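Since the structure comes first, as structure tokens, the remarks are kept for the end.
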Amino acid sequence: MAERITPRAENYSQWYIDTILQSKLADYSPVKGCMVIRPRGYALWEKMKAGLDGLFKETGHQNAYFPMLIPESFLKKEAEHVKGFSPELAVVTHAGGEKLEEPLILRPTSETIIWSMYKKWIQSYRDLPLLINQWANVIRWEKRTRLFLRTTEFLWQEGHTAHATEEEAQEETIKMLMVYKKFAEEYMALPVIAGIKSESEKFAGAVQTYAIEGLMQDKRALQAGTSHNLGQNFAKAFDVTFQTKEGTLDHVWATSWGVSARLVGALIMTHSDDRGLVLPPVLAPIQVMIVPIFKNENKAQVVGYARKLYERLKTQVSVEIDEDDQNSPGWKFAEAELHGIPIRVEVGPKDMEKNQAMLVRRDTYEKIPVANPEVETRVKQLLEEIQNNLYHRALAFRKENTHQAEDYQSFKKLIEEQGGFIESGWCGNADCEAKIKKETKATIRVLPMGRNGAGNRTCILCGEKAKELAVFAKAY
RNA sequence: CGGGAUGUAGCCUAGCGGUUAGGGCGCCUGCUUUGGGAGCAGGAGAUCGGAGGUUCAAGUCCUCUCAUCCCGACCA
């Protein structure tokens with residue numbers, strides 16, 4: 001037996017850590033709060049990156065790279081921005097054996113350095129829109145860290161766009177939010193609620209922040225991506241103006257949007273179980289593992305049979321074959337499950353006799369005998385079914401764990417006893433929001449879009465007529 | 001930054017002041033095995049997190065220190 005993964009029911013946090021360490025996605029680093037992403041974890045991130053990058057390119061964005069070191073004075077140019085980030089900055093004060101004249105910040109995000117450059121690059125409406133994305137690492141000095149979900153250094157993507165009009169910037173903000181929603185749902189099989197963040201949860205320096213929120217298996221919410229309409233805040237702070245068609249001078253309108261390797265954590269917490277990872281086929285680095293089951297006397301035949309299958313499958317899916325003759329089949333099954341490989345193909349003497357293969361689903365553990373000639377077709381079908389099933393399973397879970405509360409008593413009871421998302425009316429007052437947070441630890445995750453607003457609801461706390469429909473939850 | 005816990009081989013762990021720090025997993029060698037985490041035999045691997053102290057004697061007691069994890073306040 002390999003080391004035991006703590007069951008979810010016993011201790012969800014420990015399960016999460018055990019799963020990551022044992023499946024070799026990541027390991028702790030020598031520096032507190034940092035993590036090493038191991039090849040299996042990085043392969044997963046690379047798949048996500050490739051998917052997102054494709055969606056960004058489709059929507060007209062280009063990649064670029066801006067440096068990690070930012071002059072301290074840049075951060076200070078936008079008042080809200082510096083206020084929001086100063087508690088978590090890492091600062092370089094010495095370099096080359098000397099004290100620096102001006103300290104350098106290790107970027108917590110790149111708005112300031114990017115806008116200092118946009119000032120040079122934008123003169124006319126003909127230079128707009130400017131649609132740039134960068135894949136980078138950032139540093140935020142967090143008090144409390146968790147593998148993938150919150151680490152001192154993390155990998156992410158940040159898009160920074162500049163537009164001629166307010167409407168166009170708003171359109172971009174929503175467009176990218178929807179790209180994130182599509183990615184979460186179609187690639188990660190993670191249903192998310194898209195909506196607007198309240199003032200208190202807004203990005204430091206934004207006019208408005210939008211987010212997608214998912215619900216994890218422990219019924220806590222996780223913010224999976226954000227998209228900000230920055231208005232003219234950064235353009236004004238860095239004095240980025242352009243000449244309009246009419247010849248007037250105007251500040252440009254901006255957006256920024258990002259998702260991080262936290263998505264790996266979201267993926268784990270959405271689908272995985274007590275035997276290890278469960279990965280959606282679209283993002284699984286290895287989709288199929290073939291396990292030949294042989295004895296010494298029939299090894300050549302069985303492995304030969306398995307290899308033919310492998311050759312056929314590898315032109316269509318990502319497949320590996322485990323021919324090791326030291327580990328038992330049982331060991332290999334457990335290993336494939338730990339790593340979240342969506343389909344395991346078992347082939348042994350019994351299958352050879354019947355000219356078939358045994359397909360085993362990671363999501364349901366169902367064993368399906370399939371006639372040899374139909375294996376490729378069935379594997380591809382099954383990968384789609386698994387992807388689909390994971391999404392619908394997660395969606396059903398979210399539905400079961402989304403509740404309505406009409407009064408504060410039942411709201412508190414729901415938060416305490418049920419968890420999950422709770423939909424309630426909110427008057428829009430930050431004091432009510434803060435008080436609810438203090439008393440229940442639940443925060444407004446989003447004001448969901450595409451719903452009919454507050455309707456006849458009243459504020460869950462003060463009882464005034466509600467201005468908004470709010471989704472509350474305890475969050476990561 | 002507060003509260004709690006833990007540091008003994010790559011990992012888990014025994015030790016409860018007294019010889020040469022014991023075991024399991026993993027690793028290496030050989031043989032045998034293989035339809036749900038195989039068996040036998042042999043082998044390598046530890047300045048007991050670090051510093052100081054108490055003692056005839058410290059993995060064990062004391063002080064300090066460092067690190068990590070868990071729980072809370074702040075956050076992608």
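First the proteins, then the strands, lettered A, B, ... as listed; each starts at 1. As the structure is a computational prediction, the values presented were derived from the model and not from experiment. All heavy atoms count here, side chains included; hydrogens, waters and symmetry mates do not.
Both geometric conditions, a ring-centre gap below 5.5 Å and a plane tilt below 30°, are fulfilled for A:Phe154 over the base of B:A76.
Ring centroids of A:Trp257 and A:His61 are separated by less than 6.0 Å, placing the two rings close together. Aromatic rings of A:His160 and A:Tyr118 (six-membered ring for Trp) have centroids beyond the 6.0 Å cut-off, not under it.
Using a 3.5 Å distance cut-off with no hydrogens or angles, the side chains of A:Asn389 and A:Glu385 do not pair a donor with an acceptor.
RNA chain B is contacted by both A:Thr151 and A:Arg275; A:Arg275 maps to the nucleotide lying nearer its 5′ end (nearest heavy atom per residue).
The base-pairing partner of B:G2, taking Watson-Crick or G-U wobble contacts with both distances under 3.5 Å, is B:C71. When both pairing distances are held under 3.5 Å, B:G17 makes no Watson-Crick or G-U pair with any nucleotide shown. The pairing partner recorded for B:G37 is none, the criterion being a Watson-Crick or G-U wobble arrangement whose two distances lie under 3.5 angstrom. Remark: B:U60 base-pairs with no nucleotide; criterion is Watson-Crick or G-U wobble with both hydrogen-bond distances under 3.5 Å. In this structure, B:C25 forms a base pair with B:G10, meeting either the Watson-Crick or the G-U wobble geometry with both donor-acceptor distances under 3.5 Å. Nucleotide B:U55: unpaired (no Watson-Crick or G-U wobble partner with both distances less than 3.5 Å).
Protein atom NZ of A:Lys24 is 16 Å distant from nucleotide atom P of B:G10, rounded to whole Å. With rounding to whole Å, A:Tyr305 atom OH is found 14 Å from B:G35 atom C1'. Put simply, CD on A:Gln22 is 12 Å from C1' on B:C25, counting in whole angstrom units. Rounded to whole Å, the distance from NE2 on A:His160 to C1' on B:A76 is 13 Å. We find that CD1 of A:Ile139 is positioned 14 Å from C1' of B:A76, with the value rounded to whole Å.
At a threshold of 4.0 Å, the pair A:Glu199-A:Lys202 counts as salt-bridged, since one of the basic side-chain nitrogens sits closer than that to a carboxylate oxygen. A salt bridge is absent between A:Lys441 and A:Glu416; no separation between the charged side-chain nitrogens and carboxylate oxygens falls under 4.0 Å.
We find the OG1-CD1 distance between A:Thr112 and A:Ile70 to be 4.0 Å, quoted to the nearest 0.5 Å. We find the CD-CD distance between A:Glu172 and A:Gln170 to be 11.0 Å, quoted to the nearest 0.5 Å. Atom NZ of residue A:Lys197 and atom CD1 of residue A:Ile444 lie 9.5 Å apart, to the nearest 0.5 angstrom.
RNA chain B is contacted by no residue of residues 191-217 of chain A, taking any non-hydrogen atom closer than 4.0 Å. The stretch residues 339-357 of chain A touches RNA chain B through A:Arg344, A:Glu346, A:Gly348, A:Pro349, A:Lys350, A:Asp351, each having a heavy atom under 4.0 angstrom from the strand.
For A:Gln326, taking side-chain heavy atoms from C-beta onward, the closest of the listed nucleotides B:G37, B:U34, B:U32 is B:U32. The side chain of A:Ser328 approaches B:A38 more closely than any other nucleotide in the set B:U34, B:A38, B:A76. Nearest to the side chain of A:Glu142, among B:G35, B:C74, B:U32, sits B:C74.
A:Glu337 contributes a side-chain N or O that forms a donor-acceptor pair with the base of B:G36 under 3.5 Å.
Below 30°, between 30° and 60°, or above 60°: for A:Phe238 and A:Phe74 the angle between ring planes is above 60°, a perpendicular geometry.
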B/S/- along nucleotides 68-73 of chain B (protein heavy atoms under 4.0 Å) is SSSSBB
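At least one cation-pi condition fails for A:Arg8 and A:Tyr16: the charged atom is not both under 6.0 angstrom from the six-membered ring centre and inside a 45 degree cone around its axis. Judged by the 6.0 Å and 45° rule, A:Arg146 forms no cation-pi pair with A:Tyr476.
Within 6.0 Å of the CZ atom in A:Arg312, the count of heavy atoms belonging to other residues, nucleotides or ligands exceeds 12.
Remark: A:Glu153 pairs with A:Asn137 by the side chain to side chain donor-acceptor pair (under 3.5 Å) rule, at least two apart or across chains. Partners of A:Tyr12 by side chain to side chain donor-acceptor pair (under 3.5 Å), not counting sequence neighbours: none found.
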Interface polar pairs with nucleotides 2-9 of chain B, N/O, under 3.5 angstrom:
none

A:Asp18/A:Gln22 under side-chain hydrogen bond (donor to acceptor under 3.5 Å, both in side chains): CA gap, chis, key distance, verdict: CA-CA 6 Å; A:Asp18 288 352; A:Gln22 289 188 34; 4.9 Å; no
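At B:U33, one or more side-chain N or O atoms of A:Asn296 fall inside 4.0 Å of OP1 or OP2 (strictly under the cut-off).
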